[in-house]
Amino acid sequence: MNPFASALLAWFDEHGRKDLPWQHPRDAYRVWLSEVMLQQTQVVTVIPYFLRFVATLPTLRDLASAEEDTVLALWSGLGYYRRARFLQRAAQICVDKHDGELPRDFAALAELPGIGRSTAGAILAQAYGLRFPILDGNVKRVLTRHLGIHGHPGQSPVEKVLWQHAEALTPAQRTADYTQAIMDLGATLCVRAKPRCDACPMASDCVAKRDDLTTQLPSAKPTKAVPTRDTVMLILRDAEGRVLLERRGPQGVWSGLWSLPEAGDHDQAWRAAQSMATIDDAQALPSFVHVFSHYRLKVEPLLFDEATARPRIADNSNLRWCAPDERAALGLPAPVRTLLQNL
DNA sequence: AATCCGGGGTT
DNA sequence: AACCCAGGATT
């Protein structure tokens, strides 16, 4: 057996979780139910749901023949309700095609609705003791740290590498214990924040521990590159210090808020400024970036001082000259308010 | 490869 | 508020 599995199993014998509800009695139905409930759901949340579920529907055949409303009621509050429908559909398939039992064959298992590669492996390992790897959030965290694997575990190439390591490290002996052990380690010691490396049996071989990367691994989900847009904001200021504000349209960001007139570039900014006021010169102020959830806005403020309002550009519902003390009562985008305050 | 599903806990 | 959690199905 490889040293990793050996050390992990020795730790498990001493510190592993051995009293989870689905561990006694341990049968394929209960393991399956627990695995599905535990998809993206934490253990402490699952336990009461699991106990209620197996008390009401103790066997796979009970589940297969139950009313769908009953199953959904038992699931109510857990979330991901599609899991409950898949669960019952899979149970019915097992009754129809597999003699009322979960198949011991990986392909047949993974074909059932709601059972993917990891859940199939978990069932085969936990319920039947067969040598199949799992790769859940715990295993991903443990392996990325132990092996120093960078890149977000959700990305295909990273996940592929993780599956290869998970496969290689899973021992042929005590596979059920090993599977439980690596999840226990991830859940109790190799936790996301402040892992307890001092108590970890594999700390001496851990790349993340060695290189002080436990806070870096597993790599965070890449914040998808948000596009950056450019805009020129026109600050037309008259001799009294009033600034021309424009009400934004009903669509898009800052809809309905009072903001500065904008233009695509300095040329357009000049033309726009001249259409609204008599102006002399322009002063480019330091640009800044405002971050939205879906894009970044690079703002280039252009200050036109000593502007004189053109007679035909009078205050109206969408355009107004606004003194500094009037701005407080208006809805202004935060960066615009800041920009004007710092003039 | 990206998105959706979902409530709850953590930071 | 953002991120993560015993992931899988869908597009």
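Small disclaimer: the values here were computed from a predicted structure and weren't measured. Heavy atoms only: backbone and side chains are in, while hydrogens, waters and symmetry mates are out. Here is the naming used below: chain letters follow the sequence lines, and residue numbers restart at 1 for every chain.
- Rounded to a whole Å, the CD atom of A:Gln39 is 5 Å from the C1' atom of C:dG7.
- Salt bridge status for A:Glu159 with A:Lys140: present, with a side-chain N to carboxylate O gap under 4.0 Å.
- In terms of phosphate contacts, A:Arg82 brings no side-chain nitrogen or oxygen within less than 4.0 Å of OP1 or OP2 of C:dG7.
- Mapping A:Thr45 and A:Arg192 onto DNA chain B via the closest heavy atom, the residue that lands nearer the 5' end is A:Thr45.
- For the pair A:Ser219 and A:His152, the tightest heavy-atom approach, listed with the atom from each and the gap, is O-ND1, 3.4 Å.
- B:dG6 atom P lies 13 Å from atom CD of A:Gln40, rounded to whole Å.
- Within 4.0 Å (heavy atoms only), A:Gln126 reaches no atom of the nucleic acid at all.
- Summarising the geometry, atom CZ belonging to A:Arg327 is positioned 6.5 Å from atom SG belonging to A:Cys322; distances are rounded to the nearest 0.5 Å.
- At whole-Å resolution of the value, CG in A:Leu72 and C1' in B:dG6 are 14 Å apart.
- Here A:Ile123 lies out of heavy-atom contact (under 4.0 Å) with every strand.
- The 5' end of DNA chain B is approached more closely, in terms of each residue's nearest nucleotide, by A:Pro157 than by the other of A:Tyr80 and A:Pro157.
- Checked by atom type and distance alone, the side chain of A:Gln92 pairs as donor or acceptor with a backbone atom of A:Ala64 at under 3.5 Å.
- Take the nearest nucleotide of DNA chain C for A:Phe86 and for A:Leu20: the residue whose nucleotide is more 5' is A:Leu20.
- Heavy atoms of other residues, nucleotides or ligands lying less than 6.0 angstrom from CZ of A:Arg17 number more than 12.
- Rounded to whole Å, the distance from CE on A:Met183 to P on C:dC5 is 14 Å.
- Note on A:Arg85: nothing from the nucleic acid sits closer than 4.0 angstrom, heavy atoms only.
- Here the C1' atom of nucleotide B:dG9 and the CG atom of A:Leu78 are 14 Å apart, to the nearest Å.
- Taking 3.5 Å as the limit, the base of B:dG6 and the side chain of A:Thr41 contain a donor-acceptor pair of atoms between them.
- At least one side-chain nitrogen or oxygen of A:Thr119 sits closer than 4.0 Å to the OP1 or OP2 atom of C:dG8.
- A gap of 22 Å separates the P atoms of B:dG6 and C:dA1, to the nearest Å.
- Here C:dC3 presents its C1' atom at 16 Å from NZ of A:Lys194, a figure rounded to the nearest Å.
- Taking side-chain N and O atoms only, A:Gln42 has no distance below 4.0 Å to OP1 or OP2 of B:dG8.
- Each of A:Gly114 and A:Gln23 lies near DNA chain C, and the nucleotide nearest A:Gln23 is the one positioned closer to the 5' end.
- Regarding A:Met37, its CE atom lies at a distance of 16 Å from the P atom of C:dG8, rounded to whole Å.
- Nucleotide B:dG8 holds its C1' atom 15 Å from the CH2 atom of A:Trp75, rounded to whole Å.
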